[in-house]
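All remarks here apply to the structure that follows.
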Amino acid sequence: MALVSPLRRKLIRDLGTLKGQLVTIALVVACGVAAFVATQSALRSLRDARARFYATSGFADVFVSLRRAPEAVSRTLADLPGVRAVETRVVGMGSIPLEGMSEPVRATVSSVPTQLGRIFLREGRLPEDGRDDEVVLSDAFAEAHGFRSGTRIPLVVGGVRREVRVVGVGLAPEFVIVLGAGEIAMDAKKRAVVWVGRDAAEAALDVEGSFNQAVLSIVPGTDERAVIDGVDEVLRRYGGLGAHGRDRQLSHYFLSQELGQLENMSSQLPPLFLMVAAFLLHVVLTRLVQLQRGQIAALKALGYYDREILVHYLELASVIVVLGALLGVGFGDWFGEQMVGLYADYFRFPDLVARVDPQTAIAAVLVSAIAGVVGTLTSVRSVLKLAPAEAMAPPAPARYRRGFLEGPLFGRLVGPSMRMILREVQRRPFRVILSALGIGVAVGLLVVARFFGDAMDYLVGVQLHESQRWDAQVTFVEPRPVADLRSFGSMPGVFRVEAMRAVPVRLSHGQFEKTVSLMGHFGDPSGETSLQRVIDADARPVALPEDGLVLTELLAEKLDLHIGDRVEVELLEGDRRTLSIPVAGTTDELFGLQAHARADALHRWLGQEPSTNVALLAIDTAEAERLDRRFVALPDVIGVAHMDRIIQEFEEQSAKNIGVFSLILTIFGATIAIGVVYNNARVALSMRERELASLRVLGFTRGEISTILLGELAIQVFVAIPIGLVLGRLFAEALATGVDPENFRFPVIVSPRTYAFATLITLASAFASALFVRRKLDQLDLIGVLKTRD
Amino acid sequence: MTEIVLSARDVTKVYRMGEVDVHALRGVTLELHAGELLVLLGASGSGKSTLLNILGGLDTPTSGRVTYQDHDLTEAGDEALTRYRREHVGFVFQFYNLIPSLTARENVALVTELADDPMSPSEALELVGLKERQDHFPAQLSGGEQQRVAIARAVAKRPDLLLCDEPTGALDYKTGVKVLEVIAKVNRELGTSTAIITHNAPVAQMAQRVVSLHDGLIQSEVTNDHPIAAGEIRW
């Protein structure tokens, strides 16, 4: 008995003749599997790393900040029902003025957690008790600056500058990502967490014997809400700022958002590919089975069971699918590593490694196998149903009829070639529509590939550019009289100065609350010359009313507020008074959650004389460096920001984040486009070989018969492109709504350039496929084709 | 007379070809005896291929009854018909129906794989005089050679029935005779009950019995007491 059965041999040789189709379909499968494996691998890596880190470090369940409470209060908290452990902290903001950096680094200064949310040390040790000059630095920041244990750095806390020594570098579960509310880009160089000994923290922040933050772990199964209410009750008279669970802990929140997005992508992208692959397999196998009708009949006549023949074709499909799946697992592994590498820059875990677990790989292969089986069964079934004798006879001529397009003018306007094309299209409308949808998916992916770039361009180019029109922004520790800013105006290189007053507030409405910045505008923010304008989503300036607040729409949504409603505003500075202020308007600006008001109204609410804590400047950028040095030297300046640098950072980061995705989606899109067009062309060619050869014999030129064959494909592509552009826009909308709206709303902006790009890549893919088929057409063996019985 | 292996009673067959009903068989009764060589003669469209397909379990009659030994083929399902073909029938077609991607030997092996007590593919090819060409693909063989491979493929499993549908239809005289000689040899040496359908009247001279079909009905049935060797046939 032969080592390899004859049917298996047939399989191998069939695969040989189908290699072009085999490769293109396998690649489509590979894309789907890669997308699945990569997103799953990233998802799993992040989830596992998070779970491990939270477990080993004792990440807390409930978090609360407060003005200040004596340490003894912690016992009251510990006695609350359901509370397992309490840890109090002293936390404040500070800055690290580093040479060579125009803006001092914003630092969260915290006492070292000892029980809940413990530090994982990458190197060094924790500060020793009683030493007020030893600190542990967050690792992303230390890494960005090359700081190691032993480095000495300046640290400003409570207005006092001191030299401290780095004794350790580490990370903590509350700071997996160090990004403040409202920040649009995370820059490890500019954000630090500094852990110091408890005594040192109390002294520096002037809260001896007290704490201003508490974290709690709760007994599993306890109602978190009840604990939160209990904590709020206890801390009310100590200036409690509202306890919350992990869901509103910033680092956890950002991480969950990212995981949610990944999950979305993981569940949406791969099925799209597998559907296209199943469709292609169906098309190709249907044709193969038609071509091998006689062979199938012979096999049946020889006594092969239907199932044996079915298995034979399933094996053929499996080879394609498994090949694609394996390729996809390999590529997905690489892609997953890239993604995890990107994440590792933002999300800091003790051990974040990309790993493809065997289940994911097996699941990917199985799911694609199902796609393969579906594609195969739908095509082989029809022939298996035929009685062998019938299968042996050539199929009856396909039934064509005059189509609905053929009106009285048809004959006169349309030549025979066009008529053949149109009748072919009308005979298989379903197939044409499916093909067009397949190519449409490709076009859509290509749109998405570029859409992120468009959205970023719009955010930066339009939104940022139109609203934040200052060149530099100087922020002060304490509000000061507006008149003080005159000295800025007289500095050389400063063209104009505008004052702002920013107040941290907690807005609450019903059960919703949100801590945001309330911006008091001295100038007219709808004015043409205003340095800080309030604009809507179309970048049109919005005027501020005499009284009341203007909220970003996102903020209004989150608080369930409408124009005319009153919102509770708790000022988080000064006497912390709580006011009830009407919402006078909303603006759909894309950046940030904030509230705007006129400065005079704001100061009326505050009960203060007009003052400013933010100066906006229009400067000569050539003087930027020199001005920087002057600003930083001023007393009470917390920070100086430059718009061009902010934009540059934002763009660099976006480019880095978007680059890989964009490239990969482009590859995916082109793969599908080629897969669909090429396979359709090959199938069309094989189905009509005889007909086309007959035409050649009748005297048609190669060009003319190419027109007939490729014309049909062209129709598919042209139908597909508008469908794809609309699909792309829908994909973009779906993705944009998936993006975390905390910091900015992702605009659904698709530029004409992107549509053109998607169209061009699709046309190029189609053209390449067509060329390939055209070559085959040129090699058409006239005599041979006419002799074959089909 | 020897034992009856295959019998058809009042078999009719109507099928749709495109949008037309075709009455291919209008009530045919026929028997095939053990070891005999039968020729079914008829013009194109007489229904002879339909009859052969039904006898071979490739198709089912619209009405009537077909039995192979004790088995009723009329009532048999697809599975049982496949088993019948697999275990008892060898087919030879006008257009050979070889699998183009398999060599001569591999084509024969398709069948020997399935059978309980087959010849080896080389043995079967030797029987048809093609042992030296066993590694050729169908495209590398002449029509007569392809048909002989098809015969080797049909007989390699030592079938009880050998059904040949216009085995010489696509061949020239010389090659056709060679193919007939091989069929006669198989019938003689292996004792396989054989039915050949053809529109070529002289072929009938090699048969022990000749049945003529016309327009879906049996027109005549003649026993030939002195069949001649295939090599002596002229047309």
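A note on names: the letters A, B, ... follow the listed sequences, proteins ahead of strands, and every chain is numbered from 1.
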Name of the residue among B/Leu32, B/Thr192, B/Thr194, B/Leu55 meeting side chain to side chain contact (heavy atoms under 4.5 Å, CB included) with B/Leu161: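 By the side chain to side chain contact (heavy atoms under 4.5 Å, CB included) criterion, B/Leu161 pairs with just one of B/Leu32, B/Thr192, B/Thr194, B/Leu55: B/Leu32.
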Choice from B/Gly57, B/Pro100, B/Pro159 maximising heavy atom contacts with chain A below 4.5 Å: B/Pro100
Between B/Val108, B/Val111, B/Leu81, B/Leu114, the one whose heavy-atom pairs under 4.5 Å with chain A are most numerous: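 When all of B/Val108, B/Val111, B/Leu81, B/Leu114 are compared, B/Leu114 has the most.
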Residue pair B/Ser122, B/Lys131: steps toward the side chain to side chain contact (heavy atoms under 4.5 Å, CB included) verdict: CA-CA 6 Å; B/Ser122 319; B/Lys131 199 179 172 208; 4.1 Å; yes
Which region of [X], side chain (C-beta onward) or backbone (N, CA, C, O), has a non-hydrogen atom less than 4.5 Å from a non-hydrogen atom of chain A, or is it both or neither?
X        : result
B/Arg105 : neither
B/Glu79  : both
B/Asp78  : side chain

Chain B contact via A/Leu299 - side chain, backbone, both or neither, heavy atoms under 4.5 Å: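 Contact with chain B involves the side chain of A/Leu299 alone.
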Region of A/Glu308 in contact with chain B, defined by heavy-atom distances below 4.5 Å: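 Contact with chain B is through the side chain of A/Glu308 alone.
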CG (B/Asp116) with more than 12 external heavy atoms under 6.0 Å: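 Not more than 12 within 6.0 Å, no.
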Chi angles and distances behind the side chain to side chain contact (heavy atoms under 4.5 Å, CB included) call for B/Val149, B/Leu130: CA-CA 8 Å; B/Val149 174; B/Leu130 279 176; 3.6 Å; yes
Donor-acceptor contact present, side-chain B/Arg65 to main-chain B/Thr74, <3.5 Å: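 Side chain of B/Arg65 to backbone of B/Thr74: no pair is present.
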Exam field: side chain B/Ser142 to backbone B/Glu145, donor-acceptor pair closer than 3.5 Å: yes
